[in-house]
Number of protein chains: 2
Amino acid sequence: MKKQVSLADIRTFVVLAEQGSFTKAGEKLACSRSHISKQLAQLESSLGVSLLIRTTRTQHLTPQGEAFYERCKQSLNGISHAIDRVVESADSLTGNIRINCVGGYIAEEIIASLISDFMVQHPDINIELDFSSRRVDLVSGEFDFVFRMGELTDSSLIARKLTDIKINTYVSPKYLAKHGKPNEPKDLLRHRCIAGSLRNWTFIHDNNHKKVEVTVAGNLTCKSGRVMVSSAISGNGIIRVPELYCQTELAQGLLVPVFEQWQVEPTPFYLVYLQDRHQPLRLKVFKDYVVEHFISYLI
Amino acid sequence: MKKQVSLADIRTFVVLAEQGSFTKAGEKLACSRSHISKQLAQLESSLGVSLLIRTTRTQHLTPQGEAFYERCKQSLNGISHAIDRVVESADSLTGNIRINCVGGYIAEEIIASLISDFMVQHPDINIELDFSSRRVDLVSGEFDFVFRMGELTDSSLIARKLTDIKINTYVSPKYLAKHGKPNEPKDLLRHRCIAGSLRNWTFIHDNNHKKVEVTVAGNLTCKSGRVMVSSAISGNGIIRVPELYCQTELAQGLLVPVFEQWQVEPTPFYLVYLQDRHQPLRLKVFKDYVVEHFISYLI
DNA sequence: CCTCTTTGTCAACTTAGAGTCAACAGATGT
DNA sequence: ACATCTGTTGACTCTAAGTTGACAAAGAGG
């Protein structure tokens, strides 16, 4: 009996006070006169206060009703504005998009120019681009999108594959002239290999699809694709990097593939984002843009 | 799908955002987790916006959710305050009471002192006392109470009888000496009578309760009881007024009753107020005070 | 690594109460 | 006096608020 006031009743009261008639209020709220009447009766009962003195032809607010109306109207307007703002923010192409990209070559080259072009098309969207490679938590809300290589298992995330990154084993002609050419993966054990984060290199034979894993040795370990490539060109050893990392060097003949029959399993490249039933439009637009145009940036 | 946002859902969202857990919010709102979940899902769906990113163990507001929360919280607080104020105003002995009194003697003497004493007991209640005798509309909200003589029929009003006003026919000994004494009502036709608003005087015989109506004549018509009394004392004619109007004059022998066997039907004196299911406490207190103490002011 | 607990979600169900309809009574205009 | 408008009431319907219980995911804490 005390404080269980229905907000719907209050809304009805406010409309009623403005319309000055149960019938009109009913039209406004798309419901019957009787229901208006009941809601008001219920509201007054739960407040223990008469808000509206009414006869069949005339009605006016009590002093308390007037005060109550003013306050409630303000508050309901506030809520209405809040709703408008929120809907607007969801439908408009403004606001921030925060993106993280597992660093390196591809990111800086491709993603950066992809995003630049996106920003030209959507000048009101602000992009925060982060290349730090630390573990990033999408769920924490720090980022809206993350570009990632390799698998990612998390039920609340969506990983949209953008492409398979073709990885291969390369070496400089200079190195070959000096150390000879390996014919199969296990030969690598007798060669100097420049490794990124992984030293377990897996190869698949073209014909029988047999997998071979080799733990390579070498005196250089480096996570930068740039450094690896230039080091390989200098003849320091054999690298296994995405083809993208050294397309120009391959064209110039500074590097050549080591094997013909053995391939490296391609690594998928993902755009990862939160599974969100009500994705703001700007995020959806960005996602669609990336999915559609990503390929065309791969030279 | 557009704007049909349930206010209850918003309230739930606000509580949920504050509690940081569906379970706690459920306790706070005295309902089940599932329901909280449904309400939030429904709210997000009708807004088309995700407000809260949630896993089973962690949750946090989206940027839009945060903005929405802030605004809504404010507004809901506003409504909550409005409710508090209104309930408080109904339960507290403060505020105004606006009273109209059909003017004249009784009002000025009795009602005024009655109200004075009431105000002493309730110093925080402010009283607006109005003696204008114009037709007053309680329903218009201009007054909370009206003191009235005589019947009043209006279904939306309550007329609480305070007393029967004893009315009688008086004359000065001086007049009697000059014109003789009437023995029954119809004798009045041959006398000079001082009338208020009514010239149709009705009398009832003590024994057989027979009613007799006489349309009296006279060269003075006056609505002021004071004037009528003093005029009668001067020997100008016969008056028919409430006994209250001339108690002291009767005691001093300046006026005497005309008839012994014929009475004037007493007029009820009412406190009239709006039929209000949720009467503010100050009005109820006033009503009770008047009903209880009125008699004691009748000398 | 495993279990135990707790979390939010979902589907199926129950039921309170939102809302309607029709009959009514008071007020107003004609 | 009549017709027509008003808000109210009580009986009715049926939506949607809210529950229950099973479930999967995610920590917590060994």
Side-chain angles (χ1 to χ4, degrees), chain A residues 4-13 15-17 19-46 50-61 65 137-140 152-158 274-278, chain B residues 4-13 15-17 19-46 50-61 65 137-140 152-158 274-278:
Chain A
Q4 204 47 317
V5 180
S6 157
L7 289 170
D9 291 349
I10 292 180
R11 168 148 61 184
T12 295
F13 163 67
V15 172
L16 178 54
Q19 296 296 314
S21 140
F22 282 54
T23 309
K24 282 182 198 160
E27 285 165 13
K28 195 103 179 179
L29 293 169
C31 70
S32 62
R33 271 174 301 160
S34 19
H35 188 231
I36 306 278
S37 170
K38 282 189 186 173
Q39 284 189 294
L40 181 59
Q42 182 173 319
L43 178 61
E44 290 183 329
S45 163
S46 54
S50 286
L51 302 172
L52 190 70
I53 303 298
R54 44 207 188 269
T55 36
T56 52
R57 286 287 163 169
T58 165
Q59 58 186 238
H60 67 97
L61 295 167
D137 186 10
L138 269 170
V139 180
S140 77
L152 190 60
T153 59
D154 188 323
S155 59
S156 65
L157 300 179
I158 293 177
L274 267 175
Q275 186 165 15
D276 187 342
R277 260 185 288 244
H278 308 291
Chain B
Q4 204 45 314
V5 180
S6 157
L7 289 170
D9 292 349
I10 292 180
R11 169 148 62 182
T12 295
F13 163 68
V15 172
L16 178 54
Q19 295 296 314
S21 138
F22 282 53
T23 310
K24 282 182 197 158
E27 285 166 12
K28 196 102 180 179
L29 294 168
C31 69
S32 62
R33 270 175 301 162
S34 6
H35 188 232
I36 305 279
S37 172
K38 275 192 192 174
Q39 285 189 293
L40 181 59
Q42 182 173 320
L43 178 61
E44 290 183 328
S45 163
S46 52
S50 285
L51 301 172
L52 189 70
I53 303 297
R54 45 207 187 269
T55 36
T56 53
R57 287 285 163 171
T58 166
Q59 59 185 236
H60 67 97
L61 295 167
D137 187 9
L138 269 171
V139 179
S140 77
L152 191 60
T153 58
D154 187 323
S155 61
S156 65
L157 299 180
I158 293 177
L274 267 174
Q275 186 165 16
D276 186 342
R277 261 185 286 244
H278 310 290

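Every value quoted in this text rests on a predicted model; they were computed, and no experiment measured them. Order of the sequence lines sets the chain letters (A, B, ...), proteins ahead of strands, with each chain counted from 1.
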Next item on the list: Could you tell me the separation between the NZ atom of B:Lys24 and the P atom of C:dT6, rounded to a whole number of Å?
Entry: 13 Å
Notebook entry, point to check: Does the A:Ser46 side chain pair with the main chain of A:Gln42, one donor and one acceptor, at a distance under 3.5 Å?
Noted result: yes
Notebook entry, point to check: What's the verdict on side chain to side chain contact (heavy atoms under 4.5 Å, CB included) for B:Thr12 and B:Leu40, showing C-alpha distance, side-chain angles and the deciding distance?
Noted result: CA-CA 7 Å; B:Thr12 295; B:Leu40 181 59; 6.0 Å; no
Margin query: Can a donor-acceptor pair be found, under 3.5 Å and without considering hydrogens, that links the side chain of A:Gln275 to the backbone of A:Ile158?
Written below: no
Notebook entry, point to check: Looking at A:Gln39, does any N or O in its side chain come under 4.0 Å of the phosphate oxygens OP1/OP2 on C:dA18?
Noted result: no
Notebook entry, point to check: Atom CG of A:Leu52 to atom P of D:dT6: distance rounded to whole Å?
Noted result: 15 Å
Notebook entry, point to check: Under 4.0 Å: is that the gap between some side-chain N or O of A:Ser37 and OP1 or OP2 of D:dG7?
Noted result: no
Next item on the list: Write down the atom of B:Cys31, the atom of B:Ile36, and the distance for their closest heavy-atom approach.
Entry: SG-CD1, 3.8 Å
Check: B:Arg54 CZ to C:dC10 P: how many Å, rounded?
Finding: 9 Å
Next item on the list: Would you mind reading off the distance between B:Gln275 atom CD and C:dA25 atom P, rounded to a whole angstrom?
Entry: 16 Å
When you compare the protein's N or O atoms with those of nucleotides 20-22 of chain C, which come within less than 3.5 Å of each other, and at what distance?
{"unit_1": "C:dT20", "atom_1": "OP2", "unit_2": "A:Ser32", "atom_2": "N", "d": "2.7"}
{"unit_1": "C:dT20", "atom_1": "OP2", "unit_2": "A:Ser32", "atom_2": "OG", "d": "2.8"}
{"unit_1": "C:dT20", "atom_1": "O4", "unit_2": "A:Lys38", "atom_2": "NZ", "d": "2.8"}
{"unit_1": "C:dC21", "atom_1": "N4", "unit_2": "A:Ser34", "atom_2": "OG", "d": "2.8"}

Check: Between A:Leu43 (CG) and D:dG7 (P), how many Å, whole number?
Finding: 17 Å
Check: Under 4.0 Å between a side-chain N or O of B:Gln42 and OP1 or OP2 of D:dA17?
Finding: yes
Check: Hey, is the main chain of A:Ser6 close enough, under 3.5 Å, to the side chain of A:Gln39 for a donor-acceptor pair?
Finding: no
Margin query: If I take atom CG in residue A:Leu16 and atom C1' in nucleotide D:dT6, what distance separates them, rounded to the nearest angstrom?
Written below: 13 Å
Next item on the list: Would you please confirm or rule out a distance under 4.0 Å between OP1 or OP2 of C:dT7 and any side-chain N or O of B:Thr58?
Entry: no
Margin query: Could you go through B:Glu44 and B:Phe13, starting from their C-alpha distance and side-chain angles, then the distance that decides it, and tell me whether this counts as side chain to side chain contact (heavy atoms under 4.5 Å, CB included)?
Written below: CA-CA 10 Å; B:Glu44 290 183 328; B:Phe13 163 68; over 6 Å; no
Checklist line | Closest non-hydrogen atom pair between B:Arg54 and B:Leu52, with its separation | finding: NH1-O, 2.6 Å
Item checked: A:Phe22 CZ - C:dA27 C1' separation (whole Å) -> 15 Å
Check: Quick one: B:Leu29 CG to D:dT19 C1', roughly how many Å, whole number?
Finding: 15 Å
Note to self: Can you tell me if A:Gln59 touches the phosphate of D:dT6, counting only side-chain N or O atoms and a distance under 4.0 Å to OP1 or OP2?
What the structure shows: no
